[in-house]
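Hydrogens, waters and symmetry mates play no part in the numbers below; they use all other heavy atoms, side chains included. Just follow the structure's listing: the first ligand is 1, and inside any ligand the first atom is 1. Here, residue 1 is the first one in the sequence, and each next residue gets the next number.
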Amino acid sequence: MTVNTTLPLSPPTREPTTATSDPALVTGLARFLAALRHDRGDATPVWFMRQAGRSLASYRALRRRHGFLELCKTPELAAEVTLLPVAELGVDAAVIFADIMLPVEPMGLELEMREGVGPVIGNPVRTLDDVERLRPVEPEADLAFVLDAIRLVRRDLEGRTAVLGFAGAPFTLACYLIEGRPSRDYARAKALMYGAPAVWDALMGRLATVTADYLLAQARAGADAVQLFDSWVGALSPIDYARYVQPHVARIFTALKDAGVPSINFGAETGGLLEVMAAAGGDVISVDARVPLDEAWTRVGHDRGIQGNLDATRLLGSWAATEEGARDVLRRAAGRPGHIFNLGHGVLPETDPALLKRLVDLVHEETAEG
Ligand code: CP3
């Protein structure tokens with residue numbers, strides 16, 4: 001397969017898609033966009049964070065032949081991986097196969113995905129000089145492989161399934177950039193945040209600009225919506241979130257809203273942060289499994305959508321435990337428009353994909369209209 005880079009840049013799809021009982025017109029895309037618009041679709045849309053990963057034998061087979069970054073940087077392979085869970089699980093959204101760390105290389109940082117550790121940065125960012133040395137990123141040139149993968153996926157799906165782009169949020173990226181590797185408590189990153197707030201704000205400002213530009217480029221390449229991953233932001237109090245994170249994240253969501261790009265704001269361990277996260281923006285707020293979905297939705301406000309929030313480890317327990325948890329999530333969502341079913345965080349590598357498939361079918365059957 002060759003990448004046809006002369007394809008017209010299709011604008012993000014936002015044609016009104018009304019709920020209908022004609023099966024030919026009821027698509028995952030329509031369901032997903034309805035929830036993002038806070039409308040009722042024909043059923044609750046469902047996808048899983050980390051759906052394209054090590055839980056799938058087909059992914060593990062590809063990984064035996066290719067390095068992780070090689071998969072990400074080869075549009076044909078990234079598109080192939082993105083489509084695996086669409087075919088195998090029947091999810092309503094295809095999250096593009098990439099990683100939150102990809103934009104840091106064009107910023108001038110040395111990135112290694114170390115086996116069994118995660119992302120490692122050879123030259124961490126710790127001073128104002130380090131921040132000022134960071135290079136601006138031009139997504140169309142520097143991250144063309146992600147945009148080409150989006151174009152390929154979109155062409156293959158032909159509007160049946162939503163294409164979901166994503167990026168890492170400034171706080172989560174800043175943690176990696178400052179620490180240089182995954183950390184348990186982000187002590188070094190938070191020490192810089194409290195001890196050198198001017199350096200912190202300079203770094204967060206750069207990251208917000210890169211992230212907003214990158215997400216807008218993904219939408220221009222054909223992503224129907226985008227998710228911002230703030231995986232580690234649960235390490236902050238709501239007061240510190242409001243001071244050190246919210247202004248930067250708000251800038252990203254404002255840029256998306258102004259461009260008409262639907263968005264999801266994800267964080268983990270955010271039971272103390274839901275109000276300030278919602279204030280920062282996003283059409284849908286994604287919540288982890290530690291907060292009951294109905295309580296989370298009340299705190300976020302029913303004018304917003306909600307995503308979540310089955311505990312991913314239930315799938316390691318049994319189908320009965322998975323079904324019980326899924327029914328509880330659906331009962332708490334109570335059929336309100338604006339719910340996107342997901343796990344609280346990513347699929348665990350040991351998960352049996354057959355249970356994920358059953359879970360997709362259960363959510364669709366239990367929420368189908370009529
Ligand atoms: O299916 C999908 O969700 C799309 C692909 C995706 C990956 N990473 C692929 C991946 C997405 C959305 C991400 C986001 C990401 N990357 C986040 C935010 C989401 C979250 O889980 O909170 C974070 C924190 C990262 C950084 C990262 N990338 C880590 C910490 C690791 C190591 C994790 C591990 O278990 O090894 C990665 C590597 C990574 N990213 C893998 C995958 C499929 C595993 C790589 C492999 O095949 O060995």
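The local environment of CZ in R188 is sparse, with at most 12 non-hydrogen atoms from other residues, nucleotides or ligands closer than 6.0 Å.
Not a single salt bridge (Lys or Arg N to Asp or Glu O under 4.0 Å) links E365 to another residue, sequence neighbours left out.
Classification of D92 and R160 as a salt-bridged pair fails, no side-chain N sitting under 4.0 Å from a carboxylate O. R358 and E323 are not joined by a salt bridge, as no carboxylate oxygen comes within less than 4.0 angstrom of a charged side-chain nitrogen.
Under 3.5 Å, the side chains of S58 and E88 contain a donor-acceptor pair of N or O atoms.
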Take L293 and D328 through the side chain to side chain contact (heavy atoms under 4.5 Å, CB included) test and state the conclusion after the steps.
CA-CA 9 Å; L293 189 93; D328 184 62; over 6 Å; no
Less than 3.5 Å apart, N/O on ligand 1 and N/O on the protein: could you list those pairs with the distances?
unit_1: ligand 1; atom_1: 1 (O); unit_2: Q51; atom_2: N; d: 3.1
unit_1: ligand 1; atom_1: 1 (O); unit_2: A52; atom_2: N; d: 2.9
unit_1: ligand 1; atom_1: 3 (O); unit_2: R50; atom_2: N; d: 2.6
unit_1: ligand 1; atom_1: 8 (N); unit_2: R50; atom_2: NE; d: 3.4
unit_1: ligand 1; atom_1: 8 (N); unit_2: D99; atom_2: OD1; d: 3.2
unit_1: ligand 1; atom_1: 16 (N); unit_2: R50; atom_2: NH2; d: 3.4
unit_1: ligand 1; atom_1: 16 (N); unit_2: D99; atom_2: OD1; d: 3.0
unit_1: ligand 1; atom_1: 21 (O); unit_2: H345; atom_2: NE2; d: 3.2
unit_1: ligand 1; atom_1: 22 (O); unit_2: S231; atom_2: OG; d: 2.4
unit_1: ligand 1; atom_1: 22 (O); unit_2: H345; atom_2: NE2; d: 2.6
unit_1: ligand 1; atom_1: 28 (N); unit_2: D99; atom_2: OD1; d: 2.7
unit_1: ligand 1; atom_1: 35 (O); unit_2: R54; atom_2: NH2; d: 2.4
unit_1: ligand 1; atom_1: 36 (O); unit_2: R54; atom_2: NH1; d: 3.4
unit_1: ligand 1; atom_1: 36 (O); unit_2: R54; atom_2: NH2; d: 3.1
unit_1: ligand 1; atom_1: 40 (N); unit_2: D99; atom_2: OD1; d: 2.9
unit_1: ligand 1; atom_1: 47 (O); unit_2: Y59; atom_2: OH; d: 2.5
unit_1: ligand 1; atom_1: 47 (O); unit_2: R63; atom_2: NE; d: 2.8
unit_1: ligand 1; atom_1: 48 (O); unit_2: R63; atom_2: NH2; d: 3.0

